[in-house]
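Right, one structure below, let's go through it.
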Amino acid sequence: MRMLPIGPDAVLVEVSDLAEVMALHARLTAAPPAGVVDVVPAAATVLVRVDPVVLSLAATRTWVSTAATSAAPPASAPAPVTLPIRYDGDDLDDLAAALGFSPEALAARHVATDWTVAFTGFAPGFGYLIGAGWDLDIPRRPSPRTRVPAGSVGLAGVFSGAYPRETPGGWQLIGTTDAPLFDPDAAQPALLVPGGTVRFDAVRARARARAIGSDAALPGDTASPTAGEPRARSESAAAPGGIRVIAPGPQATVQDAGRSGRAAEGVGAAGAADPAAWALANRLVGNRDGAAAIEIAVGGFRAVAERDLTVVVTGAWAPVAIDGRTGDPYVVHAWTAGTELRLDGFLAGTRAYLAVRGGWDIAPVLGSRSTDTLSGLGPPPLRPGDVVAAGCETAGPVPALPLHPWGLPPTGTDAVPLDIPFTTGPRADWLTPSSRRLLAEATWVVSAAADRVGIRLEGPRLERARAEELASEGMVPGAIQVPPAGHPVVFGVDAPVTGGYPVVGVVTSTGRNRLAQARPGDRVRLRPTFRGASDAQRG
């Protein structure tokens with residue numbers, strides 16, 4: 001067993017095989033100490049995230065080492081799950097032929113297998129299933145589909161799995177299920193949880209569903225919402241007492257501190273991309289910690305107040321126009337009922353936070369009001385005509401603060417690139433020595449492929465020292481992955497909880513705040529803060 005640091009608040013525990021992963025996960029989750037935030041199993045690792053204020057990384061490593069050699073906890077496996085399945089997947093015939101089976105024989109082998117949920121990831125409620133006696137190793141599709149319908153059942157590697165919602169994906173699709181795989185309103189949102197047993201139950205096949213990527217429904221098809229997908233707003237959401245959105249700009253979402261401690265269910269963190277700016281906005285209007293704000297990307301936001309409000313804008317330097325009069329960000333403004341607020345083009349930065357005194361009154365999903373743009377959890381991105389109510393989450397009066405105590409977010413130039421501090425990641429040795437130096441010495445350019453899920457950095461190509469594929473393992477916000485193309489990608493707040501590319505570094509919270517405000521074309525330098533890989537411990 002080997003423990004590798006992955007950022008300042010997590011360790012990646014590397015073990016020999018999936019059976020050891022499942023055994024260690026059971027031991028760690030039987031009686032975790034205070035301060036443990038997440039325990040996330042994957043193919044050959046277990047990620048342990050902690051609150052370092054409560055539990056130090058040194059104490060975490062001691063606890064993991066002790067738990068690994070302790071007696072196995074009493075068996076308390078989740079209740080068995082039976083998934084109805086129709087073997088009508090678009091890849092069934094071709095995959096069966098490639099394996100030397102008939103479609104019926106492959107389906108019979110799949111349905112006769114006893115499956116166990118090894119780990120979750122990729123999307124909320126997506127379980128990676130391993131089968132007793134299942135010895136097929138299925139290659140993923142050469143090119144992933146941009147759209148895999150919810151309920152699709154697939155095979156990839158040694159795993160089977162079912163898609164809880166419509167997402168891109170590269171698994172070979174063999175069937176469909178109508179089982180509710182993820183319901184955010186349920187006491188246990190994910191139907192499939194690590195350690196649970198699963199059987200598939202074949203039901204009478206129907207005509208093949210519409211072709212993947214086609215929107216043409218078959219006769220008799222009816223649309224129904226899928227658990228975890230954005231839901232239509234009800235008329236009750238249009239009660240007076242907040243704002244009515246006229247134009248959201250390219251993207252405007254509701255954000256708070258995010259969803260912590262649910263990574264083992266495949267639920268990512270989400271929350272404000274620039275938490276420092278979000279928290280400051282709430283302080284400036286006297287809100288409680290954790291109140292929701294509206295995160296506005298780039299600009300173009302317009303809304304009308306339905307009652308008198310007190311608001312502030314932080315983050316990007318966004319002039320605040322209310323009823324035709326322009327004021328500064330970081331200054332608290334009165335927003336009179338019936339008048340319009342505009343945030344046009346930002347002078348600097350990418351994301352602005354619009355906080356109202358009392359916070360925005362949005363129903364929480366899994367304990368958070370945040371929109372997760374990857375998984376679809378939380379309220380959908382704002383649209384024209386949406387009404388957002390103001391709440392009553394105040395902590396005291398609006399504080400008397402000096403005028404303009406904050407300046408414009410910095411812009412990275414060739415002469416003065418943005419400094420982005422990072423710690424060495426658990427897979428830094430997957431890069432050649434020269435590429436490890438290049439990672440920290442090159443000037444990188446923020447590409448147009450930058451959003452809440454991640455930011456691709458353009459620059460010199462990083463060479464890998466190892467060519468094999470890395471098994472999926474737990475990820476943290478700020479993880480710097482290097483895909484085969486050689487350009488680093490920095491995970492954002494909406495990134496998946498597991499990933500299959502090597503993590504060569506982890507951007508610090510300060511660096512993540514700066515990247516959240518970086519624009520495409522900005523120049524950045526990745527500055528190492530310490531050589532965490534040399535601290536790996538063996539047990």
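The backbone N or O of G358 lies less than 3.5 Å from no partner atom in the side chain of T394, so there is not a single donor-acceptor pair. For S56 (side chain) and P52 (main-chain N/O), no donor-acceptor pair under 3.5 Å exists by modelled atom type. Side-chain N or O atoms of R259 include one that pairs as donor or acceptor with a backbone N or O of S370 at under 3.5 Å. Between the R525 side chain and the A442 main chain, a donor and an acceptor come within less than 3.5 Å of each other. Y330 places a side-chain N or O within 3.5 Å of a backbone atom of G315 that can act as its donor or acceptor partner. In terms of modelled atom types and a separation under 3.5 Å, the side chain of D256 and the main chain of A272 share no donor-acceptor contact. No donor-acceptor pair under 3.5 Å is formed between the side chain of R523 and the backbone N or O of D414. Put simply, the side chain of D522 never gets that close to the backbone of V446: no donor and acceptor are under 3.5 Å apart. Panel note: side chain D494, backbone T373; a donor-acceptor pair is recorded below 3.5 Å. The backbone N or O of T350 lies less than 3.5 Å from no partner atom in the side chain of R519, so there is not a single donor-acceptor pair.
P5 has its side chain out of reach of L57: every pair of non-hydrogen atoms, C-beta onward, lies at least 4.5 Å apart. A heavy-atom distance below 4.5 Å is not found between the side chains of N282 and Y353. P8 places none of its side-chain heavy atoms less than 4.5 Å from the side chain of T508. Using a 4.5 Å heavy-atom cutoff, the side chains of V39 and P32 are not in contact. Side-chain atoms of P421 and R514, non-hydrogen and from C-beta on, do get closer than 4.5 Å to each other. A heavy-atom distance below 4.5 Å is not found between the side chains of T336 and D323. With contacts defined as side-chain heavy-atom distances shorter than 4.5 Å, the pair L462/L439 qualifies. Taking 4.5 Å as the limit, some side-chain heavy atom of L374 sits within range of a side-chain heavy atom of P496.
By the salt bridge (charged side-chain N to carboxylate O under 4.0 Å, His left out) test, D51 pairs with no residue at all, sequence neighbours left out. Under the salt bridge (charged side-chain N to carboxylate O under 4.0 Å, His left out) criterion, E458 pairs with R456, sequence neighbours left out. Taking R512 as the reference, nothing meets the salt bridge (charged side-chain N to carboxylate O under 4.0 Å, His left out) condition, with sequence neighbours excluded. Looking at residues two or more places apart in sequence or on another chain, you find a ring-ring contact (aromatic ring centres under 6.0 Å, His included) between F126 and F122, Y128, Y163, W171. By the salt bridge (charged side-chain N to carboxylate O under 4.0 Å, His left out) test, D308 pairs with no residue at all, sequence neighbours left out.
The two atoms that bring P184 and L377 nearest to each other are CB-CD2, 4.1 Å, heavy atoms only. Heavy atoms only, all atoms of each residue included: A270 and Q255 are closest at C-OE1, 4.5 Å. Between P248 and I296, the shortest heavy-atom contact is O-CG2, 4.5 Å.
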Using the rule given for side-chain contact (heavy atoms from CB on, under 4.5 Å), can you reason through R86 versus D178, listing the C-alpha separation, both sets of side-chain angles and the distance that settles it, and then say yes or no? CA-CA 9 Å; R86 293 178 297 274; D178 294 327; 2.9 Å; yes
V285 and V332: side-chain contact (heavy atoms from CB on, under 4.5 Å), yes or no, with the steps? CA-CA 7 Å; V285 289; V332 176; 4.3 Å; yes
Might you work through the side-chain contact (heavy atoms from CB on, under 4.5 Å) test for V490 and L457, ending with a clear yes or no? CA-CA 8 Å; V490 182; L457 301 179; 4.2 Å; yes
Walk me through whether L284 and T314 qualify under side-chain contact (heavy atoms from CB on, under 4.5 Å). CA-CA 9 Å; L284 288 175; T314 63; 3.8 Å; yes
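Taken from OG1 in T529 to CZ in F422, the straight-line distance is 7.5 Å, to the nearest 0.5 Å. Here L83 contributes atom CG and T176 contributes atom OG1; the two are 11.5 Å apart, rounded to the nearest 0.5 Å. Put simply, CG on L181 and CZ on R165 are 12.5 Å apart, with the number rounded to the nearest 0.5 Å. Rounded to the nearest 0.5 angstrom, I243 CD1 and L341 CG are separated by 8.0 Å. Taken to the nearest 0.5 Å, the CD1 atom of I420 stands 7.0 Å off from the CG atom of L526. Expressed to the nearest 0.5 Å, how far CG of D90 lies from CZ of R141 amounts to 8.5 Å.
The one candidate from D372, T371, I294 that meets the side chain to side chain contact (heavy atoms under 4.5 Å, CB included) condition with T253 is T371.
Around atom CG of D419, more than 12 heavy atoms belonging to other residues, nucleotides or ligands sit under 6.0 Å away.
For residues 342-369, the pairs satisfying salt bridge (Lys or Arg N to Asp or Glu O under 4.0 Å) are E295-R351, E340-R342, R342-D344, R369-E393, with sequence neighbours left out.
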